[in-house]
Amino acid sequence: MGRAQYTIRRILQAIPVLLGVVTITYFLMEAMPGDPVSIMLGPSPSAQQAAAIRAKYGLDQPLWLRYLNYLWDVVQLDLGTSLYYEVPVTQKILERMPVTILLLVSSFTFAIVTSVPLGIISAQRRNKPTDHVARVVALLGVSTPSFWIGLVLIILFAYQVSWFPATKLVLPWASPAAVGVDSRFDVLVTSLHHLVLPTISLGTLQMAALTRIERSSMLEVLGEEYVKLARAYGVKETTILRKHAFRNAQLPLITLLGLQLTSAIGGAVLTETVFSINGMGTLIITAINNQDFALVVGTTLVLGLVFVVGVIITDLSYAYIDPRVTFEDAD
Amino acid sequence: MATTTGSDADSRTESDAQPAEADPEQPAANVGWRYTVSQVRRDPTALAGLGIIGIATLVAVVAFLDQTVLPIVGMEQYTIAQAVWMSPNAEVAPQLLPPAWTTNVFGEGTWAHPLGTDDRGRDILSRVFYGTRIAISVGVIATTIALVAGTVVGSVAGYYGGRIDDVLMRAVETLYAIPFLVLVIVFMVAFGRDLTFAMIGVGIANIPTFARLIRSRVLSVREEDYIEAARAAGVRDRNIIFRHVIPNSFAPVLVQATLQIGVAILIVAGLSFLGFGAQPPTPSWGQMLSQSRDYMLPDPWFSIWPGMAILITVVGFNLLGDGLRDALDPRINN
Amino acid sequence: MSEPLLTVENLKTQFFTEEGTVRAVDGVNFEVNEGELVGLVGESGAGKSVAAQSIMRLVEEPGRIVDGTVTFDGKKLVDIVETPDGRMEESDEMLSNREMREQVRGREIAIVFQDPMESLNPVFKVGAQLREFIELNRGVSESEAKTIAVDMLREVGIPEPEARYDDYPHEFSGGMRQRVLIAMALACEPRLIIADEPTTALDVTVEGQILDLVSDLQERYDTAFLWVTHDMGVVAEICDRVNVMYLGEVVEEADVDDLFHDTRHPYTEALLRSMPRPDRAVESLDPIKGVMPEAINPPSGCRFHTRCPEAREACKEFHPEFQDVSDADEAPHSVSCIKYEAVGYEDSDPLETEATGAFAGGLADMRGDDGSAAGVPGGEADE
């Protein structure tokens, strides 16, 4: 009994979910109109060419067989070949993944680092001006389309003034030569430089949502009986905030983080489009627009995996803080 | 007979000197319309939200009538749309004008086009105006779909528990695991790229939110004594769900639905931005933003207005939703 | 007679809400002597919890202490005086918040709350919570505090205290948790422990155990207790003296035996009649009619007159004084009822309320009956 078992249980629970993700995506793609063959070969392929292509990609087999074959391939980590790029899907994904992960990690970090203190201060200064300002900002943050924030940021900070670049992300571990600078340090700087606007664009929504939750959670915890007891025993208010209330208040936040992943990935797609970033988001859009079956299903599966991993991490963090969880059934 | 001064003259007798403390944790989900309305009326920000929504809805309705009804009645010439939709003469069209109060490389702003014109010479204000209709209707319909389907799934799962619950919740989780933008896009590519499928797709993608909410309400309500009583009295499960469980989940669902409309509007804007939504020339805010991208440098104002429209509308729903939540949450009231 | 440890004089605490001002505590007086176990009894809504919390100045918005003096060991915990221009403000003698925190809370006075489930922080181990408070209030090192904590857990009857020290709150049963909270209070070695309905949330058998424990510990440590409860049975079992509260006021104060056998106030009588007593056999229990009114708008005159079986017209007009009605050689016994004052109670007509069961004319004798004696003729009953 305990954390190890809980972890394993959560991982096992994830498998059917992933299976479902693949299945849904696979069959949705199958429902797409259009013939991949004509896409590849042009409007009037010869019968021979068409047949050859079909055989090559196994398109002449019945649906259920293709589906099972696909599953079998997936288990072996073979996600097929991209029709559009003509390279293995896995390769394409590995190429684009780091960029998206960088963006996601960066925006989540931004969101957490800003929202927690903001939420706490807001709760402490409840109904005072600081609180009102913070709440207005948070409200605006959850109401603004993230891609519009991106556009406005570009207009203001990349076009009106040239403080930040308007496109692309640079990986911090890229080689200086590839980036066109002198040293590793310069690569790092350039990387951060490119990261700023997209991070704010993607992270604002999360930051706003988290601030609201942090505030209300903190308020709730500060009203709890055990906090009152701590006060009754003479504990200083700062200690109460820091120690007695803080941990408990983070619990809803952690839950929300897990749930936010799905919208964050969607947001990443939009942000990557706005900033012309070559990540998983733009990859999937290209794949869809070109009816690149294998690529679509493969990327969806991987994104689903990212989500599942994220949820497991948040669940584990929750269980780490709240000792009650491992002993009860996860709801 | 009895007169008591200044107290609630309760005719029931307190049967003992040791009344039990009311459980403070019991959420008052069984609130009715009247209470809700009275609470909302007292909250200025909620009213502001309601006001915004009201205006937006009015605009949407006017746009709808204008676009749909007039042509049927044979009065197309009165459609504002016709007048400003597409400039009949492409070369003469005033393209990419800025708002009335500034000038840019393309010319001077005029009050004939208060917010400027787009790249086809169409008046931005009118297009934003008409975009309201799409935003609101898609938001409301998608949320309704999600609400109804989610309620069915959630209440069945919560009420019956066990296997059914497991299976349904797994399915819901799976739906949730696919990043919903991706889900909806793939859905639309499979079935149709236009607005109808955007609505359905967004609706389906939002089912998990309501399913989970309803399920957790059902789980807590299920243990209540009056449910036991109903069951013991032989009321059928379906009736129990519909007549007792669902009405008692009213409050949080209302809050969530209001907020969810705002969310749906944002999602649909994103979809339109990517090209999966209202197809040109139908004006939608997301799609206008997508068009504006090419002209960000010379005409930044083009990018501003549709985004502001989205912002204001969603703020309206969020204000109302927050107001409802504050009004209906008993703990905050304490 | 030495000075009381705790003196509460004319304490008034009010809550300022949208619906109006709730006069939760409206002029309350009582004392607690060293080593004494004093009960504060009343129904829900009587204001007893608020009074208890006011002593420690733990009342939070929208509540505020608006009047009164609370003296503890010579220090003024609460001291609100009227300024020459009629405002109420805190006197200079009153301890500052910081002084309260550092000198009083946890150190001199400790509190045990009602719900053991909610009083312990679920994410921290029980031992750590105990240790923190002990360290803070007894000025000892961490390891010393741990030793004290473990000893205290053993004292309150928790088996295997060293192991349990590292457990989380949810691993304890309700009764065990309450023992932990009692251990917490005692470990800080306060002079006074305020227990705010600590057994209300527990099973009767567990409650019995806790009460035994407390009696035992009290003898051993000679700590004074202010025990807030709504349960007269608990009062009978452990209290030395009792204060009965109704709607923000103390209506009777006496030694516990006097309270039960020489009851003076109609409310206390009514309370006692409504519960089973091992020393008396009755035909049926006699509940108090009506509900306690809200503290926003208390009844005029004597606040209990709306539910008092002996209410008369005079009761509506005169607010009773809280005064000592005991004989010279008896222990002090104070009551707040105009029956004991010279304001014309005897000559006044009976009030017609549900409680008095009065119909046209006569006053039926309420003892043991449930008041459906319609049309009983006769004049006023002799008191």
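Sequence lines set the chain letters: A, B, ... in the order given, protein chains first and strands last, and positions in each chain run from 1.
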Query raised in the report: What option among A:L261, A:T299, A:N289, A:V308 has the most heavy-atom pairs under 4.5 Å with chain B?
Result: A:N289

Query - Per-residue contact mode, A:L19 against chain B (heavy atom under 4.5 angstrom) - result: neither

Query raised in the report: Side chain, backbone, both or neither: which part of A:V311 has an atom under 4.5 Å from a heavy atom of chain B?
Result: neither

Report task. Count the heavy-atom pairs under 4.5 Å between each of B:R293, B:M308, B:R170 and chain A, then report the option with the highest count. Result -> B:R293

Query raised in the report: When heavy-atom pairs shorter than 4.5 Å are enumerated against chain B, which of A:L205, A:T273, A:L219, A:L303 gives the highest number?
Result: A:T273

Report task. Hey, could you give me the CD1/CH2 distance between A:I155 and B:W301, rounded to the nearest 0.5 Å? Result -> 10.0 Å

Query raised in the report: Do other residues, nucleotides or ligands put more than 12 heavy atoms under 6.0 Å from the OH atom of A:Y84?
Result: no

Query - Atom group of A:I284 that falls short of 4.5 Å from chain B, counting heavy atoms - result: side chain

Query raised in the report: Could you name the residues of residues 141-149 of chain A that have a heavy atom within less than 4.5 Å of a heavy atom in chain B?
Result: A:V142, A:S143, A:T144, A:P145, A:F147, A:W148

Query raised in the report: Considering heavy atoms only, which positions within residues 309-318 of chain B lie below 4.5 Å of chain A?
Result: B:I310, B:L311, B:V314, B:V315, B:N318

Requested in this report: Examine whether an atom of B:L274 lies under 4.5 Å from a heavy atom of chain A, and if so say whether it belongs to the side chain, the backbone or both; otherwise answer neither.
Outcome: side chain

Query raised in the report: A:S263 versus chain B, heavy atoms under 4.5 Å apart: side chain, backbone, both or neither?
Result: both

Query raised in the report: Do the non-hydrogen side-chain atoms of B:R212 and A:L259 ever get within less than 4.5 Å of each other?
Result: yes

Requested in this report: To the nearest 0.5 Å, tell me how far B:L289 CG sits from A:L151 CG.
Outcome: 6.0 Å

